[in-house]
Novice: 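So that we are looking at the same thing, I have put the structure below in structure tokens.
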Amino acid sequence: MDKEIYDELHGISDAAKIDYKLLLHIHMFGELTRAHCSYYGAWGKATLGGKTLQMRAFDWDMHAGLQDFPVITIYHPRSSKLGHTFTNIAWAGYIGVLSGMSSTLLGMTSIGVEMPDDTFGDESMSGQPFIFASRYILQYSQTVDDALSYISNIRRTCRLIVGIADGKLNTARMIQYSHSKVNFFDDLNLQPAAEWHPTIANVVYNGMDWLCPSYQYKLYQQIMDQYGKITPESTIQSISAVVKTGDVHVAVYDLTDNVLYLANGGSPNKQGPRPAYQRQFNKLDLKIEYARTQPSINDIEPFSS
């Protein structure tokens with residue numbers, strides 16, 4: 001794992017006066033638990049105007065309170081050795097990537113697997129935590145091909161379904177990810193091959209888990225209902241909200257124009273619906289954010305008491 005990860009965690013620990021080992025252990029919740037999430041990557045004739053779009057619906061334990069501390073972090077590396085600008089959609093103090101986009105027009109998502117079949121490999125607690133593998137892809141990969149090569153060669157850990165979409169190459173892939181095996185799928189060979197998970201031209205998708213017929217087929221139906229006219233807005237209104245996926249957060253990535261649409265889950269002590277898929281979305285033009293320059297000491301106004 002890159003030294004910069006440990007350095008950043010140490011920096012947060014020191015600044016926030018949080019025990020470093022506790023902070024590191026918190027980052028491992030994704031390795032030990034399984035979030036039931038949903039994903040699509042759509043491009044070409046599936047979307048309005050042929051855009052490359054990705055939906056990331058993050059479903060997890062709402063009682064854990066993650067949704068109470070949302071943070072969008074945009075990293076601007078100081079040198080090319082530290083990669084390129086990217087966005088992490090997470091929570092205060094969390095530097096691993098479960099949801100994110102990059103200035104190279106890549107989008108990342110992952111789905112925990114509790115119901116695998118025998119096509120998956122085994123798991124291991126020794127290897128590169130997937131949240132830091134995802135971060136590496138956003139930080140250093142130029143294309144989806146770079147990302148797939150990286151995934152093939154690292155020491156993987158747990159069973160996942162990983163989604164990567166590429167706005168430059170106008171395509172997306174779904175990855176069957178485990179310690180001992182990895183398989184890459186496009187719209188032609190998408191798995192699992194079942195009547196409740198049909199293939200769709202220019203779309204890869206997965207609903208909640210590997211063997212989850214009800215959600216898989218419902219997601220398929222809503223994608224087909226919008227097929228040829230899928231937009232971020234129709235995804236929000238007619239896909240995630242109807243399938244009822246994405247309680248902690250829902251992110252829709254426009255990877256053609258590098259625009260993020262994001263809704264965050266609600267707190268029990270506040271008014272309004274709790275699941276993110278029923279809540280207001282915010283739109284963030286990442287081109288503007290990525291173009292920001294690092295301020296110099298001369299740009300900082302003096303503090304006056």
Side-chain angles (χ1 to χ4, degrees), residues 37-44 46-60 66-76 84-92 94 97-110 134 138 163-168 170 172 203 205 219 222-223 225-267 270-293:
C37 309
S38 299
Y39 153 76
Y40 81 59
W43 67 95
T47 65
L48 187 65
K51 283 190 168 186
T52 303
L53 303 177
Q54 182 170 349
M55 180 191 78
R56 194 288 188 262
F58 183 73
D59 295 275
W60 201 58
L66 287 176
Q67 71 277 6
D68 296 339
F69 306 96
V71 173
I72 298 173
T73 304
I74 298 175
Y75 288 84
H76 293 264
H84 39 251
T85 311
F86 67 98
T87 301
N88 186 16
I89 305 161
W91 310 276
Y94 195 85
V97 169
L98 289 163
S99 308
M101 302 168 66
S102 81
S103 57
T104 60
L105 303 179
L106 290 178
M108 285 291 306
T109 184
S110 56
S134 296
L138 291 185
I164 306 176
D166 185 332
K168 291 195 303 300
N170 196 25
V203 177
Y205 70 98
L219 182 56
Q222 292 312 118
I223 291 171
D225 180 68
Q226 298 298 311
Y227 191 82
K229 55 185 179 180
I230 298 174
T231 63
E233 292 82 4
S234 70
T235 299
I236 292 165
Q237 295 171 4
S238 301
I239 298 180
S240 62
V242 176
V243 178
K244 296 183 178 180
T245 182
D247 50 15
V248 175
H249 70 227
V250 180
V252 183
Y253 314 151
D254 178 341
L255 293 165
T256 299
D257 293 333
N258 232 338
V259 176
L260 167 65
Y261 299 77
L262 178 67
N264 188 65
S267 300
K270 294 183 180 179
Q271 291 185 340
R274 292 197 68 193
Y277 58 78
Q278 294 180 344
R279 295 175 63 82
Q280 179 70 42
F281 278 73
N282 295 289
K283 179 180 178 181
L284 183 63
D285 188 339
L286 293 177
K287 296 188 298 298
I288 296 173
E289 302 306 320
Y290 292 156
R292 296 187 189 275
T293 57

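In what follows, every heavy atom counts, from backbone to side chain, and hydrogens, waters and symmetry copies are set aside.
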Novice: Can Tyr94 and Leu66 be said to form a side chain to side chain contact (heavy atoms under 4.5 Å, CB included), step by step?
Specialist: CA-CA 10 Å; Tyr94 195 85; Leu66 287 176; over 6 Å; no
Novice: Minimum heavy-atom separation for Leu262 to Ala251, with atom names?
Specialist: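 Answer, listing the atom of Leu262 first, then Ala251: CD1-CB, 3.9 Å.
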Novice: Compare all side-chain heavy atoms of Phe281 with those of Glu233 and state whether any distance is below 4.5 angstrom.
Specialist: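 Phe281 does not reach Glu233 side chain to side chain.
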Novice: Are any of the side-chain heavy atoms of Val252 and Ile236 separated by less than 4.5 Å?
Specialist: yes
Novice: Aromatic rings Trp91 and Phe58: how do their planes relate, parallel, tilted or perpendicular, breaks at 30° and 60°?
Specialist: tilted
Novice: Applying side chain to side chain contact (heavy atoms under 4.5 Å, CB included) to Asp257 and Lys51, what does each step give before you reach the verdict?
Specialist: CA-CA 8 Å; Asp257 293 333; Lys51 283 190 168 186; 2.7 Å; yes
Novice: Would the distance check show the side chain of His76 and the main-chain N or O of His84 forming a donor-acceptor pair, the cut-off being under 3.5 Å?
Specialist: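 It does not hold such a pair.
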Novice: Return the minimal non-hydrogen interatomic distance between Val97 and Ser134, and the atom names on each side.
Specialist: O-CB, 3.4 Å
Novice: Any chance you could measure Asp59, atom CG, to His249, atom NE2, to the nearest 0.5 Å?
Specialist: 9.5 Å
Novice: Is it the case that atom NZ in Lys287 sees more than 12 heavy atoms from other parts of the structure closer than 6.0 Å?
Specialist: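 Yes, enclosed.
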Novice: Looking at CG of Leu260 and CG of Asn282, how far apart are the two atoms once the value is rounded to the nearest 0.5 Å?
Specialist: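 The distance works out to 9.0 Å.
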Novice: With a 3.5 Å distance limit and no angle check, can you tell me whether Asn264 reaches the backbone of Gln67 through a side-chain donor-acceptor pair?
Specialist: yes
Novice: Calculate, to the nearest 0.5 Å, the distance between atoms CE and OH belonging to Met101 and Tyr290 respectively.
Specialist: 6.0 Å
Novice: Heavy atoms only: give me the nearest Gly41-Ala172 pair and the separation to one decimal.
Specialist: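 Nearest pair, atom of Gly41 first, then Ala172: CA-CB, 3.9 Å.
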Novice: Nearest 0.5 angstrom please: Leu53 CG to Thr256 OG1, how far?
Specialist: 6.5 Å
Novice: Evaluate side chain to side chain contact (heavy atoms under 4.5 Å, CB included) for Arg274 paired with Asp247, printing each intermediate quantity in order.
Specialist: CA-CA 7 Å; Arg274 292 197 68 193; Asp247 50 15; over 6 Å; no
Novice: If you apply the rule side chain to side chain contact (heavy atoms under 4.5 Å, CB included), what do you find for Leu255 with Leu106, and how did you get there?
Specialist: CA-CA 7 Å; Leu255 293 165; Leu106 290 178; 5.8 Å; no
Novice: Would you find a donor on one side and an acceptor on the other, under 3.5 Å apart, between the side chain of Tyr253 and the backbone of Met108?
Specialist: yes
Novice: If you compare all heavy atoms of Ala165 against all heavy atoms of Gln54, which two are closest, and at what distance to 0.1 Å?
Specialist: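 Looking at all heavy atoms of both residues, the closest pair is CB-OE1, 3.1 Å.
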Novice: Any sub-3.5 Å donor-acceptor pair from Thr109's side-chain atoms to Gly163's backbone N or O?
Specialist: no
Novice: Indicate yes or no: at least one non-hydrogen side-chain atom of Ile239 is less than 4.5 angstrom from one of Tyr40.
Specialist: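 Sidechains of Tyr40 and Ile239: in contact.
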Novice: Are Met55 and Ser240 side-chain neighbours, meaning at least one heavy-atom pair lies under 4.5 Å?
Specialist: yes
Novice: Can you name the closest pair of heavy atoms from Ala263 and Arg279 and give their distance?
Specialist: CB-O, 4.2 Å
Novice: With rounding to the nearest 0.5 Å, note down the distance linking OH in Tyr75 to OG in Ser102.
Specialist: 14.5 Å
Novice: Of all heavy-atom pairs between Ala42 and Val203, which one has the smallest distance, and what is that distance?
Specialist: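 That closest heavy-atom pairing would be CB-CG2, 4.1 Å.
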Novice: Would you find a donor on one side and an acceptor on the other, under 3.5 Å apart, between the side chain of Lys168 and the backbone of Thr104?
Specialist: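 Pair found, side chain donor or acceptor close to backbone of Thr104.
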Novice: Can you find a heavy atom in the side chain of Thr52 that is under 4.5 Å from one in the side chain of Thr47?
Specialist: no
Novice: Rounded to the nearest 0.5 Å, how far apart are CZ of Arg56 and OG1 of Thr245?
Specialist: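 Interatomic distance, Arg56 CZ to Thr245 OG1, rounded to 0.5 Å: 9.0 Å.
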Novice: I'd like to check Leu286 versus Ile74 (side-chain heavy atoms, cut-off strictly below 4.5 Å). Are they in contact?
Specialist: yes
